[in-house]
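The figures here come from the full heavy-atom set of this structure, side chains too, leaving out hydrogens, waters and symmetry mates.
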Amino acid sequence: MSFVPAQFNSFTNSIDFDMLNTESSTSLLSKFKSMKKPNDFFDFSRMTKPNGLIDAQQRITFNLSYFQYNYIALACVLFMYSVVTNLGFFSFVVAEGALIYLIEKKFGHAEEIDLKVFQIHRNIWLTIILVINIPLFFFYCPLSTVVWVAILSAVIVGVHASMMDKPVEAAYSNAV
């Protein structure tokens with residue numbers, strides 16, 4: 001006996017929640033290893049004012065690719081800071097993570113769970129949680145948090161990328 005309408009059931013069966021788990025830890029680890037060292041990232045001896053707009057554009061283009069993973073890590077740290085300081089949003093993220101973990105632990109590898117009154121499919125359960133959490137998500141103002149992180153990251157990355165001169169090795173490799 002199912003308490004869900006047929007249209008809703010067909011909608012939830014077409015959602016593949018397993019495709020969200022495609023990132024492997026080895027590729028993430030290799031990206032983490034390709035970060036530049038802090039003494040290279042914070043080398044104040046290479047920080048100079050650009051000579052003009054063309055010089056600033058060349059520096060930004062070079063530094064965005066050279067320090068790419070450092071800038072991503074900086075944005076992640078700013079996002080984690082903003083989530084921790086917004087207590088309501090932080091509690092929502094923690095509760096959501098705990099709920100997803102408990103669902104995965106309860107279902108295990110099974111696609112359906114048999115409750116005493118009815119059977120429920122994993123995708124239906126996750127969709128119900130998603131529908132309940134969308135209004136809660138907007139209640140905790142994540143848009144202002146995301147905009148704050150985006151603007152602050154863009155300013156910090158832009159200033160750092162325009163002020164940081166190319167390393168000596170890169171300057172000589174272009175000349176040869």
Side-chain angles (χ1 to χ4, degrees), residues 14-105 126-127 129-130 133-176:
S14 66
I15 297 174
D16 184 19
F17 289 101
D18 295 329
M19 74 174 215
L20 298 175
N21 192 16
T22 59
E23 183 70 30
S24 65
S25 62
T26 57
S27 65
L28 188 62
L29 185 61
S30 68
K31 289 178 183 178
F32 181 71
K33 287 182 179 178
S34 66
M35 284 180 57
K36 303 300 178 199
K37 295 184 176 169
N39 57 357
D40 189 23
F41 189 69
F42 297 112
D43 188 8
F44 294 112
S45 64
R46 288 188 6 227
M47 285 198 168
T48 58
K49 182 180 173 187
N51 294 331
L53 190 58
I54 295 173
D55 185 35
Q57 183 181 8
Q58 289 173 348
R59 287 182 182 192
I60 290 172
T61 303
F62 175 79
N63 286 329
L64 283 179
S65 63
Y66 188 73
F67 293 117
Q68 176 181 6
Y69 296 109
N70 294 68
Y71 293 145
I72 291 171
L74 179 72
C76 289
V77 167
L78 287 173
F79 181 73
M80 290 186 326
Y81 170 76
S82 66
V83 167
V84 168
T85 56
N86 186 349
L87 189 58
F89 189 56
F90 177 69
S91 62
F92 171 75
V93 169
V94 168
E96 183 71 20
L99 191 59
I100 297 285
Y101 173 76
L102 290 174
I103 289 171
E104 293 298 321
K105 188 172 182 165
L126 291 173
T127 305
I129 291 172
L130 179 72
N133 285 335
I134 286 175
L136 289 176
F137 181 72
F138 288 113
F139 179 73
Y140 291 116
C141 301
L143 187 61
S144 64
T145 302
V146 170
V147 168
W148 180 81
V149 169
I151 291 173
L152 190 59
S153 297
V155 167
I156 291 173
V157 168
V159 168
H160 183 271
S162 65
M163 298 292 284
M164 185 66 74
D165 204 7
K166 291 182 181 180
V168 177
E169 306 87 34
Y172 284 121
S173 67
N174 289 341
V176 175

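Listed by chain and number, the residues in a side chain to side chain donor-acceptor pair (under 3.5 Å) with Glu96 are Asn133 (sequence neighbours excluded). Scanning for side-chain contact (heavy atoms from CB on, under 4.5 Å) contacts around Leu53 gives an empty result, with sequence neighbours left out.
Residue pairs satisfying the salt bridge (Lys or Arg N to Asp or Glu O under 4.0 Å) criterion with at least one member in residues 69-81, sequence neighbours excluded, are absent. Listed by first then second residue, pairs satisfying side chain to side chain donor-acceptor pair (under 3.5 Å) with a partner in residues 41-51 read Asp40-Arg46, Asp43-Ser45, Thr48-Arg59, not counting sequence neighbours.
Counted within 6.0 Å of CD on Gln57, heavy atoms from surrounding residues, nucleotides or ligands total 12 or fewer; the atom is thus considered open. Counting non-hydrogen atoms of other residues, nucleotides and ligands closer than 6.0 Å to CG of Leu102 gives a total above 12.
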Donor-acceptor contacts under 3.5 Å from residues 70-78 side chains, at least two apart:
residue, atom, partner, partner atom, Å
Asn70, OD1, Lys36, N, 2.9
Asn70, ND2, Lys36, O, 3.1
Tyr71, OH, His160, ND1, 2.7

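A perpendicular orientation is assigned to the rings of Phe41 and Phe67, their planes being inclined by more than 60° (bins at 30° and 60°).
Put simply, CG on Asn86 and CH2 on Trp148 are 11.0 Å apart, with the number rounded to the nearest 0.5 Å.
A donor-acceptor pair is defined here as one N or O able to donate and one able to accept, closer than 3.5 Å; such a pair exists between the side chain of Ser82 and the backbone of Phe79.
When each of Ile60, Val157, Asn63, Asp55 is tested with Ser162 by the rule side-chain contact (heavy atoms from CB on, under 4.5 Å), just one qualifies, namely Ile60.
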